[in-house]
Structure formats: structure tokens, C-alpha cells
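This structure is a prediction, so every number in the text was calculated from the model and none was measured. Ligands are counted one by one from 1 in listed order, and the atoms in each one are counted from 1 as well.
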Amino acid sequence: MVSLCKMRELLILLVAAVALASAADLRPSCSKPVYCESELLHRVQMARLYNDSKTFVDLQMNYDQNQTLHDFETLLNDTNQDPSREQLREFVNKYFSDEGELEEWTPPDFNSDPKFVYTIKDKALREFAKNINNIWPLLARKVKDKVIQNPDRYSLVPITHGFIIPGGRFTEIYYWDTYWIIEGLLISGMQETAKGIIENLIELLNFFGHIPNGSRWYYQERSQPPMLTAMVATYYQYTNDTEFLRANIASLEKEMDFWLDERSVTVEKEGSSHKLLRYFALSSGPRPESYYEDYENAVEFSEQRRTDFYIDIKSAAESGWDFSTRWFVNNDGSNNGTLKDIHTRYVIPVDLNAIFAGALQNVANFNAILMNPRKAATYGQLAQQWRDAIQSILWNEEEGMWYDYDIRDKLHRKYFYSSNVSPLWQHAVDPNIVKANADRILNNLKQSGGLDFPGGVPTSLIRSGEQWDFPNVWPPEVSIVVNAIENIGTPEASVLAFETAQTFVRSCHWGFLEYKQMFEKYDAENPGKFGGGGEYNVQFGFGWSNGAVLEFMKKYGEGLTADDSNDLATTASPSNNSDTSNNTA
Ligand SMILES: *[C@@H]1O[C@H](CO)[C@@H](O)[C@H](O)[C@H]1NC(C)=O
Ligand SMILES: *[C@@H]1O[C@H](CO)[C@@H](O)[C@H](O)[C@H]1NC(C)=O
Ligand SMILES: *[C@@H]1O[C@H](CO)[C@@H](O)[C@H](O)[C@H]1NC(C)=O
Ligand SMILES: *[C@@H]1O[C@H](CO)[C@@H](O)[C@H](O)[C@H]1NC(C)=O
Ligand SMILES: *[C@@H]1O[C@H](CO)[C@@H](O)[C@H](O)[C@H]1NC(C)=O
Ligand SMILES: *[C@@H]1O[C@H](CO)[C@@H](O)[C@H](O)[C@H]1NC(C)=O
Ligand SMILES: CC(=O)N[C@H]1CO[C@H](CO)[C@@H](O)[C@@H]1O
């Protein structure tokens with residue numbers, strides 16, 4: 001507690017980041033009323049015609065939007081403003097349909113026998129890698145011509161190139177998911193597909209001024225962790241495609257401006273101020289794709305509180321961590337509570353700022369490659385400024401760890417979250433600082449208990465019932481933690497990184513043998529089992545899980561084993577596990 005009080009004194013918030021917005025001043029969630037803000041949307045979603053609120057907003061219109069809205073008004077007039085559930089259903093059946101907006105697509109560079117699998121020593125894992133590689137075509141899609149020709153009728157935003165969907169209910173391109181998908185595709189030797197997918201995101205960026213959460217109009221006002229430049233950097237590593245950098249550098253810079261202009265706040269410490277980012281999706285109303293859930297949660301709030309709640313909930317969705325105790329800020333500054341305590345705007349997230357520092361550095365590096373020394377210097381300085389700010393505001397010297405910072409209560413949120421170590425992952429820390437603190441960071445991690453689970457690294461240690469909390473293990477987060485630990489650079493860290501990756505790969509492998517599926521999330525306590533919680537059922541596929549596992553197989557394929565038998569020739573399955581481990585004797 002002493003340290004908390006000291007923190008309070010040290011850190012003074014400069015900008016009143018908690019400024020209130022009234023609903024009337026805010027933009028709607030998007031500029032298509034049928035999908036974002038209309039009586040029609042409200043009535044249909046509140047009548048729960050579909051179990052998943054996303055179903056309705058993914059339907060296409062059979063008539064023009066104006067006619068649809070006009071005819072719905074007629075229905076309201078004809079029913080004394082109170083249409084029955086059946087009348088609503090009839091209306092939706094006549095005015096909407098779900099013939100599908102995407103078609104299956106075979107990526108031309110898909111190879112069912114990619115070279116990299118032969119670098120994996122363990123036979124069972126090599127087979128596993130082949131199986132994952134073979135999932136790519138099952139998740140590959142293209143936007144149908146009819147959507148491209150008549151985009152007004154759809155909530156889907158058309159994009160030119162084929163792409164990989166995450167899977168399940170997520171049948172569009174998603175922003176940060178795509179980073180791990182791109183990694184996986186490049187490992188699988190699919191450079192052209194990876195390039196097309198990045199070009200899709202850049203189309204969205206040029207169209208909206210930022211990359212929305214996913215390629216749907218109702219995601220318009222929300223972005224996601226800014227991983228685009230990291231995708232380009234990875235693609236460049238595999239290709240040396242300087243022309244691609246040249247063609248897209250202006251767009252990448254535009255994305256930096258979006259975050260600087262729309263998402264930054266200034267925090268002051270000991271007389272010097274630091275600019276940092278937070279998630280802040282400013283628009284009115286519930287999330288269209290989770291309309292019923294948001295509306296119900298906010299029903300008892302005052303009007304102002306409700307407006308703020310909708311902003312905070314969308315901002316949490318923008319973080320990718322929807323939802324988590326990371327965004328719960330109670331009156332006492334703790335993360336205790338429920339979704340009703342969500343105050344995303346108070347939280348300066350470690351991962352967002354680490355990713356942004358990495359992005360600025362990438363843009364500097366790309367400009368250097370393109371022989372634009374002045375721009376390279378400008379972005380290089382900004383990147384340095386961001387790294388300094390991370391160290392000044394987010395690093396906790398006493399504990400040897402980075403923590404999210406609460407600008408309302410002026411304190412570090414000292415909880416285990418997998419995102420804490422992301423500055424190491426993004427090389428957003430001065431190497432001398434890493435060196436000086438290597439042992440402390442490792443000890444903090446080990447003592448947290450977060451690495452002790454047989455199913456992988458959970459996002460948090462709090463069993464809140466939200467899907468980005470314990471016991472859920474999210475594949476991108478395991479990738480972040482493993483790379484962060486590896487980047488500490490000591491032999492001890494290397495061993496721990498390997499072991500952390502191995503635990504997760506084994507868990508996914510067991511799950512695959514058992515269920516013939518890759519899941520979007522796993523269960524830390526039960527290796528191979530899928531995670532639960534949150535607002536929807538677990539989804540299969542799954543883009544980023546496949547990417548993260550392929551990443552580990554590529555990185556550690558020489559040493560990874562499917563079980564403890566030490567016999568690289570055996571194939572293990574969960575039920576066979578105890579049998580095979582006897583073989584070591
Ligand atoms: C919707 O949910 C209800 C109640 O949970 C269930 O009985 C029904 O089968 C579900 N319908 C669909 C289409 O999933
Ligand atoms: C639809 O209605 C809006 C608002 O009344 C109007 O501004 C717009 O021009 C109409 N669009 C079409 C295509 O008729
Ligand atoms: C519905 O009723 C209102 C009030 O009587 C009227 O102004 C409006 O034009 C009507 N709308 C339609 C589409 O008939
Ligand atoms: C890219 O260029 C660098 C430096 O010239 C070279 O070392 C590397 O092997 C090249 N990579 C590819 C994939 O061509
Ligand atoms: C949060 O809740 C837990 C369990 O209900 C309690 O033990 C803990 O003291 C609370 N923390 C704070 C800071 O209030
Ligand atoms: C054990 O493994 C063998 C060989 O992989 C497999 O054929 C068999 O079905 C497995 N047994 C159980 C109980 O899963
Ligand atoms: C609220 C919302 O729908 N946000 C979506 C943004 O994209 C992620 C996938 O990365 C989804 O999980 C979220 O549901």
C-alpha cells in the first residue's frame with residue numbers, strides 16, 4: 001500500500017482523459033443505419049429473433065436501405081408502434097436474406113507438402129504441422145462479385161483479394177488476428193496469399209482512415225491492436241519486397257497518424273509529460289453485433305453512464321480483449337467487479353503501447369530501406385519517445401515488471417496479465433534495461449504462477465467468467481509471452497521460452513487428436529480442451545491458433561516433442577499418454 005500511495009504522488013494526470021461525451025454529440029457506430037443505429041435494428045435485436053446478435057447484422061438487404069427503413073416505419077405505424085415478434089420475423093424474412101457474401105477460394109500458392117515440416121524432428125508433431133497446413137484452404141475465402149457490384153446492400157465491406165477467415169462465427173477478415181495468420185502463411189510458403197491479405201487491410205485503411213476491427217460496417221468506429229506494420233515487416237523478412245514497401249509506406253504512416261490523433265493521452269510524471277495510447281472507440285449506442293447484450297447490461301444506468309458504458313465496451317472490443325478484468329476499474333481502483341464496472345478509458349495498456357512503439361520503429365526502418373533518411377529519423381525519434389514513455393509510466397521498478405496504468409486513480413494495475421511482458425516482444429525496451437533487469441523480470445514471471453499451467457499461459461489468474469480471463473489460454477498471447485521471454489536473451493530465459501512453447505504445442509496437439517479441431521482459445525487447466533466463458537460459444541478453425549502453433553514448430557522444431565517419452569518415433573494421444581511415457585524406462 002505504501003508503494004501505491006507513492007505512485008499516486010509521483011504520477012499526475014495532465015489531460016483530463018475522462019471528459020464526458022453526451023450521446024447527441026457522438027457519431028453512430030457506422031453510417032449505415034440499418035446495421036448500426038435505427039429503430040429497425042433496435043426492435044429486431046431486442047426481440048431476440050436470433051440467438052447470436054451477430055446473425056442479424058450479417059444479413060444482406062433485399063431492397064435499398066431507404067426503402068427498408070421506410071417500410072419498417074409503415075409497419076410501426078400499422079401496428080401502433082408495437083409489432084409482435086412474429087411480425088418482426090416476417091418483416092426480416094421479406095427484407096433480408098443470408099445467401100452468403102463469401103465464396104470458397106483455393107489460394108494458388110497453397111502447398112500440401114511444405115518444406116518447413118521436415119525441419120520438425122518429432123514425427124507426431126510433423127504430422128500435426130501438416131494437418132494444420134492443410135486447414136488453410138478450408139478457411140480461405142473471397143468476396144462474391146455480387147457484393148462488389150452492389151455494396152450498399154451488405155454490412156460486409158468488400159475487399160479485393162482472397163483471405164483467410166479466423167473461422168466459426170468470424171467469417172470476415174479481422175485485424176489483429178491477421179498478424180498470426182500471416183506468420184503461419186509465410187511459414188507455409190504462401191507469400192502471395194500473405195501479400196494479398198495485407199493489401200486487403202491497406203484497402204480498408206485507405207477507405208476508413210484506420211483499419212476497423214473487421215471488414216464489417218458495424219465495426220467502422222473501432223480499430224484493433226495496430227499490427228499492420230508488424231505484418232509488413234514479417235512479409236518483408238520473407239521476401240525483401242522493397243516495391244511493396246514503396247507502394248504502401250504512405251498508408252502505413254497514415255495509420256500512425258490515426259492512433260496519434262485519435263487515441264493518445266498525455267500523462268505527466270515528475271514534471272515531464274509523456275504521450276501514450278489507450279483504446280477509445282467514440283460512438284453512440286450498443287455494439288450492433290452484440291446489441292441485446294449491451295443494451296441489457298446498461299438498462300439500469302443513467303443516460304450519461306449508459307453513453308459512457310457503450311464507449312467503454314466498444315473500446316474494450318477495440319483492444320481485442322473482449323472482455324477481461326483488465327478493463328474493470330472499481331471505485332477503489334482494483335479490477336474486481338463485472339462488465340458493469342468497465343472503464344476502458346482509464347487504462348493505459350502495456351500491449352497497445354508496446355505494439356505502437358514497434359510500429360513506429362517499423363515505419364522508421366521501412367523509410368530507411370526506401371532511402372528517406374529524414375522520415376526515418378523522424379519516426380525513429382518518435383519510436384524512442386514511445387519507448388521512454390513506456391519505461392517512465394508503465395514500468396514498475398519495485399516489482400520488475402510493466403503494468404497497465406490507471407490514469408484516474410494514478411496507479412499501476414499490479415496483476416498478472418499475459419500482456420505485461422509485451423514490451424520485450426516488440427523490442428520496445430532499451431537492451432541495457434533488459435540486461436540489467438533480466439533476472440528480476442524472469443523471477444516476477446515465475447513467481448506470478450502464470451507459467452505453471454499444463455494447458456498453456458492463461459491471460460490472467462482471475463476466474464471472472466469473461467473470456468479473456470482465467471482459465472482461458474489465447475494462442476496469440478502465448479506467442480507474445482514466448483517471444484518476450486526469448487528476447488530477454490539469457491540462457492535461462494531461452495529454456496523457459498522453449499518449455500512454455502512446448503506445453504502449449506502439446507496441449508493443442510492433444511486437442512487436435514481428440515477433437516480433430518483447432519480452437520480459438522484453450523483451457524489452462526485441461527490440456528487440449530477448449531476455453532469457455534464470454535458471450536458466444538467456442539469457435540473452430542482457427543486462424544491465429546494455427547499461426548501460433550506453426551510459429552512454435554518453426555522456431556523450436558528441432559527440440560519439440562509431443563510427449564515425455566523422448567522417443568521421437570512414437571505417436572502419442574492423450575489417452576495413450578501414460579502408456580507411451582513408460583517407454584522411456
Ligand atoms: C437458441 O437458443 C435456444 C435456447 O438456448 C435453443 O433451444 C435453440 O436451439 C437455439 N437455436 C439455435 C438456432 O441455435
Ligand atoms: C436515403 O435517405 C436519405 C435521408 O432521407 C437521403 O439523404 C438519401 O439521399 C437517400 N438515398 C437514396 C439512395 O435514395
Ligand atoms: C408514420 O406516422 C407518422 C405520424 O403519423 C407520419 O409522420 C409518417 O409519415 C408515417 N410514416 C410512414 C412511412 O407512413
Ligand atoms: C534479403 O536480403 C538480405 C540482405 O541482402 C539477405 O541477407 C536475405 O537473405 C534476403 N532474404 C530473402 C528472403 O531473400
Ligand atoms: C477483490 O475481491 C476479492 C475477493 O472478493 C477480495 O479478496 C479482495 O480483497 C478484493 N480486492 C480489493 C482491492 O478490493
Ligand atoms: C493409442 O494410440 C494408437 C496409435 O496411435 C491408436 O491407434 C489408438 O486408438 C490409441 N488408443 C486410444 C485409447 O486412444
Ligand atoms: C465486439 C466485437 O465484436 N469485436 C470483435 C473484434 O474482433 C475480435 C476478433 O479479433 C472479436 O473477438 C471481437 O468480437
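Closer than 4.0 angstrom to ligand 4 by heavy atom are Gln237, Tyr238, Asn240, sorted by chain and number.
Taking every non-hydrogen atom of Asn77 and a distance limit under 4.0 Å, the qualifying atoms of ligand 3 come out as 1 (C), 2 (O), 3 (C), 8 (C), 10 (C), 11 (N), 12 (C), 14 (O). Counting the atoms of ligand 2 from 1 in the order shown, those under 4.0 Å from a heavy atom of Asn66 are 1 (C), 2 (O), 3 (C), 8 (C), 10 (C), 11 (N), 12 (C), 14 (O). Close approach of ligand 3 to Thr74 (heavy-atom distance below 4.0 Å) involves ligand atoms 13 (C).
Only one option out of Trp217, Tyr175, Phe258 pairs with Phe208 in a ring-ring contact (aromatic ring centres under 6.0 Å, His included); it is Trp217. The one candidate from Ile488, Val481, Asn487 that meets the side-chain contact (heavy atoms from CB on, under 4.5 Å) condition with Val421 is Val481.
Partners of Tyr379 under the ring-ring contact (aromatic ring centres under 6.0 Å, His included) rule, at least two apart in sequence or in another chain, do not exist in this structure.
Residues Phe512 and Phe128 bring their aromatic ring centres within 6.0 Å. Taking the six-membered ring where the residue is Trp, the centroids of Tyr35 and Phe56 are separated by 6.0 Å or more.
Arg48 forms a cation-pi arrangement with Tyr292, by the criterion of a distance under 6.0 Å to the ring centre and an angle within 45° of the ring axis.
Looking at His70 next to ligand 3, no N or O pair under 3.5 Å apart turns up.
Relative ring orientation between Phe91 and Tyr95 is described as parallel, the plane-to-plane angle staying below 30° on a 0-90° scale split at 30° and 60°. The aromatic rings of Phe170 and Tyr174 sit perpendicular to each other, their planes meeting at more than 60°, with 30° as the lower class boundary.
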